[in-house]
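So the structure is just underneath, and the comments pick up after that.
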Amino acid sequence: MSEKLFFPVIETERLELKPLVIDDSDSLLEIFSDPEVMRYWNTAPWTTIQDSLDFINESNGSMQRQDSLILGVYLKSTGELAGKCMLFSYDKESKRAEIGFGLGRSFWGKGYIREAGEALIQYGFNSLGLRRIEAEIDPGNQSSAKALEKLGFSREGLLRQRWEVNGIVSDSAMYGRLVSDHPAQHNQAMYATSA
């Protein structure tokens, strides 16, 4: 499998999804140090610029190993970093991966998750050859549940007491979408893959 597949640039009507770079570290810290953004994550909010740098370096290393695809979500109109989206826990033999998103609070409610999500899903199905994409969320995270449902995911189960972060135990709701679940109705994303 070509290394370029794990370093794509994916364009949608309003967004550009592409690998994060060191210059994104300040913007990433601003987004992921916000307790509201991190409320339902299985890690605590970031506290230092080193958290951002480590994330960028780990993300690029993971993509070089073809373990995951971690992309920044940028607004085409301004070039501003709105957040990140990812396909991780990639299992080549089973043709599956897990999807995740994180957006800065000022970008919530604008349809960016749906736009970036469908583009990333289609890239996973069409370019990486995935058969199944999974998502795991806190059952209390109604915004993510609604976003996943709009993206065609089905709730498949509940894993009780799956996580403990800062002494708080939480369950996980499991969602899945198969390549065969929906016909390709993806008109808004255009694929432009580059190194």
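Hydrogens, waters and symmetry mates play no part in the numbers below; they use all other heavy atoms, side chains included. These numbers were taken from a predicted model, which means no experiment stands behind them.
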Do [X] and [Y] come within less than 4.5 Å of each other through their side chains, counting heavy atoms only?
X    : Y    : result
L69  : Y90  : no
Y123 : L5   : yes
L87  : L130 : yes
L128 : F6   : yes

Has [X] got a side-chain atom pairing as donor or acceptor with [Y]'s backbone, closer than 3.5 angstrom?
X    : Y   : answer
R105 : E36 : no
R131 : S94 : yes
S59  : F55 : yes
T78  : E80 : yes
N57  : D54 : no
S52  : L29 : yes
E115 : T12 : no

Query raised in the report: If you group Ile, Leu, Val, Met, Phe, Trp and Tyr by side-chain heavy-atom gaps below 4.5 Å, do I49 and I56 land in one group?
Result: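 I49 clusters together with I56.
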
Query raised in the report: Are I70 and V21 co-members of a hydrophobic cluster defined by side-chain heavy atoms under 4.5 Å apart?
Result: no

Query raised in the report: Who passes side-chain contact (heavy atoms from CB on, under 4.5 Å) against S77, sequence neighbours left out?
Result: L75

Requested in this report: With rounding to the nearest 0.5 Å, note down the distance linking CD1 in I10 to OG in S127.
Outcome: 7.0 Å

**Report entry** Nearest-0.5 Å distance that lies between atom CG in L178 and atom CG in D181
**Finding:**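 The CG atom of L178 sits 4.0 Å away from the CG atom of D181.
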
Query raised in the report: If every non-hydrogen atom of W46 is compared with every non-hydrogen atom of K84, which pair is closest and at what distance?
Result: CZ2-NZ, 4.3 Å

Query raised in the report: Got a sec, which hydrophobics cluster with M174, joining ILVMFWY side chains under 4.5 Å apart, including via others?
Result: L159

Query raised in the report: Going by atom types alone, do W163 and E136 pair a side-chain donor with an acceptor below 3.5 Å?
Result: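 Side-chain D/A pair, W163 to E136: present.
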
